[in-house]
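Each remark here refers to the structure printed beneath this line.
Note that ligands are numbered from 1 as they come in the structure, with each ligand's atoms numbered from 1 the same way.
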Amino acid sequence: MITQNDASTTYDPLNLSLNPVLKSAYLISQNSQDVQIPLDGIYQASSKIYNLMKTKKYSTSNWKKHELHPKTADEKAIDWIFLVDLLNFSFWSDLDKDTDISENQKFSITFKNQQYTGYWSLCAAINRSIEEGIPITTPSFYASETSLSDQVIHHIFRSSSPNSQIPLLKERIECIREAGNVLTTKFDGSFINCVKASNKSCVNLLKIIVDNFPCFRDEIIFLGKKVYLYKRAQILIADIWACFEGKGYGEFKDIDEITMFADYRVPQALHHLGAIKYSDNLIKTLERHELLEYGSRLEVEIRGCSIWAVELLKREIKRITEQENGQDMIPVLNAIVLDFFIWDFAKEHINELGVEFHRTRSIYY
Ligand SMILES: Nc1nc2c(c(CN[C@H]3C=C[C@H](O)[C@@H]3O)cn2[C@@H]2O[C@H](COP(=O)(O)O)[C@@H](O)[C@H]2O)c(=O)[nH]1
């Protein structure tokens, strides 16, 4: 059983992790006012997740099974993953607050006669443009407006519902130009060269990403201290690791350093599972669909406590697995596999999560 000790003030993450995100998450969780991590909730959620994962035999091979994800782990897949995780943010619709708005009035992408929203709409838009012969995943192509105009980018993200547009399209174009130029001027035109420079260390690769690509710098001042959440930088590494199933370009000796990715979906599922608990005041704020500013106290508490809660879930589930020698049931268990599982769980149970997601408009998640 994990004890208070794991989450107590004597626990010093400085010795336990090289990843600045984990230290930040611990600091936030220790100073949080409107989000708590009840240990009994962690125990209950751990056994529930363990049993669900056991039946699903969840592993990294699930990543390529998603219909819109690349099926072959090669250099093209790396370019695809980089572009997707460069733009993997803020899909929720302003229209969400009007309950009588029907789903098909919101932004969505039609691809192969299927309609996609949210994260999957991004994947669908990119796959659709590849099928239309647009080399959208080639950095030298998307770096400059002369080869890829803003108008064509608008066309790539055209919605199947009229008068709706992907949120933050202008900011997405800025990210595309910025990252495309960094890759062409500093990394010989492909993110694969960042992966090679990381020397199979995800902590190194995380640093390369945030040092060279400003739009991945998900950093905030919390109670006068700089905290690092790095959601897109970490999921970029995790998607490569999962796509390559931990081998070849996906082999990272220190992959267990990567934490949960602090988005707006997984916290909802964590609350539903009892692993985190919002104050009444926060719940009312969310129910009013109030915007939470990026970097505001409530928003940082939700994100930081979610990361720390997944860390505690991981430890407790590891302990259960060892106790029940279920290693073969869950071959690989780290914060990535746990996060992916909980995110897919959130999507599967989207209408029964019992709490609103928090609405922050940002390019960071
Ligand atoms: N923490 C975490 N956040 C994730 C993902 C994913 C997709 N990952 C796929 C790849 C492997 C997994 O098995 C998933 O199938 C997207 N997001 C974030 O969610 C939000 C979009 O939500 P919605 O509007 O409802 O689609 C947005 O912030 C986006 O950045 C994840 O896995 N973990």
Side-chain angles (χ1 to χ4, degrees), residues 21 25 52-53 56 58-70 77 80-81 83-96 103 106-109 115-126 166-168 171-172 175 215-216 218 229-245 250 258-272 275-276 292 294 299 302-307 309-311 313-314 332 334-351 353 356-365:
V21 175
L52 286 171
M53 288 183 90
K56 283 204 162 180
Y58 205 85
S59 77
T60 49
S61 61
N62 288 57
W63 192 91
K64 282 198 285 294
K65 286 181 188 146
H66 290 296
E67 61 196 45
L68 295 176
H69 281 170
W80 186 94
I81 290 169
L83 182 64
V84 163
D85 285 325
L86 175 71
L87 302 173
N88 188 0
F89 57 81
S90 214
F91 302 105
W92 58 269
S93 161
D94 288 325
L95 299 177
D96 273 345
E103 269 310 298
K106 295 178 190 169
F107 169 76
S108 65
I109 295 277
Q115 216 172 348
Y116 296 95
T117 57
Y119 164 78
W120 297 115
S121 69
L122 168 63
C123 299
I126 288 170
I166 189 169
L168 301 181
E171 289 77 2
R172 292 181 204 273
C175 290
C215 77
F216 282 90
D218 184 5
L229 298 177
Y230 292 157
K231 185 260 172 199
R232 288 198 290 107
Q234 291 199 103
I235 201 170
L236 166 54
I237 297 168
D239 281 340
I240 292 171
W241 173 75
C243 177
F244 285 77
E245 297 188 52
I258 295 289
T259 73
M260 168 263 183
F261 321 115
D263 71 319
Y264 54 83
R265 276 294 165 230
V266 174
Q268 248 188 318
L270 289 172
H271 193 277
H272 170 77
I276 60 175
L292 295 188
Y294 176 79
E299 187 241 7
I302 292 172
R303 300 182 76 203
C305 289
S306 294
I307 295 170
V310 171
E311 189 61 26
L313 286 172
K314 177 184 77 176
V332 178
N334 56 28
I336 299 173
V337 171
L338 211 37
D339 173 287
F340 283 170
F341 179 83
I342 297 171
W343 192 87
D344 290 335
F345 173 90
K347 298 296 280 184
E348 237 171 275
H349 300 82
I350 195 77
N351 296 317
L353 295 177
E356 283 292 330
F357 66 88
H358 70 280
R359 285 163 171 80
T360 297
R361 213 35 110 193
S362 122
I363 65 164
Y364 296 107
Y365 65 98

N/O donor-acceptor pair under 3.5 Å between [X] side chain and [Y] backbone:
X: Arg172; Y: Phe89; result: yes
X: Arg232; Y: Cys215; result: yes
X: Gln115; Y: Ser108; result: no

Mode of [X] contact toward ligand 1 - side chain, backbone, both, neither (heavy atoms, under 4.0 Å):
X: Met260; value: neither
X: Arg232; value: neither
X: Asn62; value: neither

Where is the nearest protein heavy atom to [atom]: which residue, which atom, and how far?
atom: atom 33 (N) of ligand 1; result: Asp339 OD1, 2.6 Å
atom: atom 32 (O) of ligand 1; result: Phe340 CD2, 3.3 Å
atom: atom 27 (C) of ligand 1; result: Tyr264 CE2, 3.6 Å

Trp92 near ligand 1 by a heavy-atom separation under 4.0 Å: no

Aromatic ring pairing Tyr365/Tyr264, orientation class (parallel under 30°, perpendicular over 60°, tilted between): tilted

Smallest separation among heavy atoms of Arg361 and Asp94, with atom names: NH2-OD1, 3.1 Å

Regarding ligand 1, does [X] bring an N or O atom to under 3.5 Å of one of the ligand's N or O atoms?
X: Asp263; answer: yes
X: His69; answer: no
X: Lys231; answer: yes
X: Phe261; answer: yes
X: Asp344; answer: yes

Ligand-side contact atoms (ligand 1) for residue partner Trp120, heavy atom cut-off under 4.0 Å: 15 (O)

Heavy-atom nearest neighbour of atom 11 (C) of ligand 1 within options Phe341, Tyr119, Trp63: Trp63

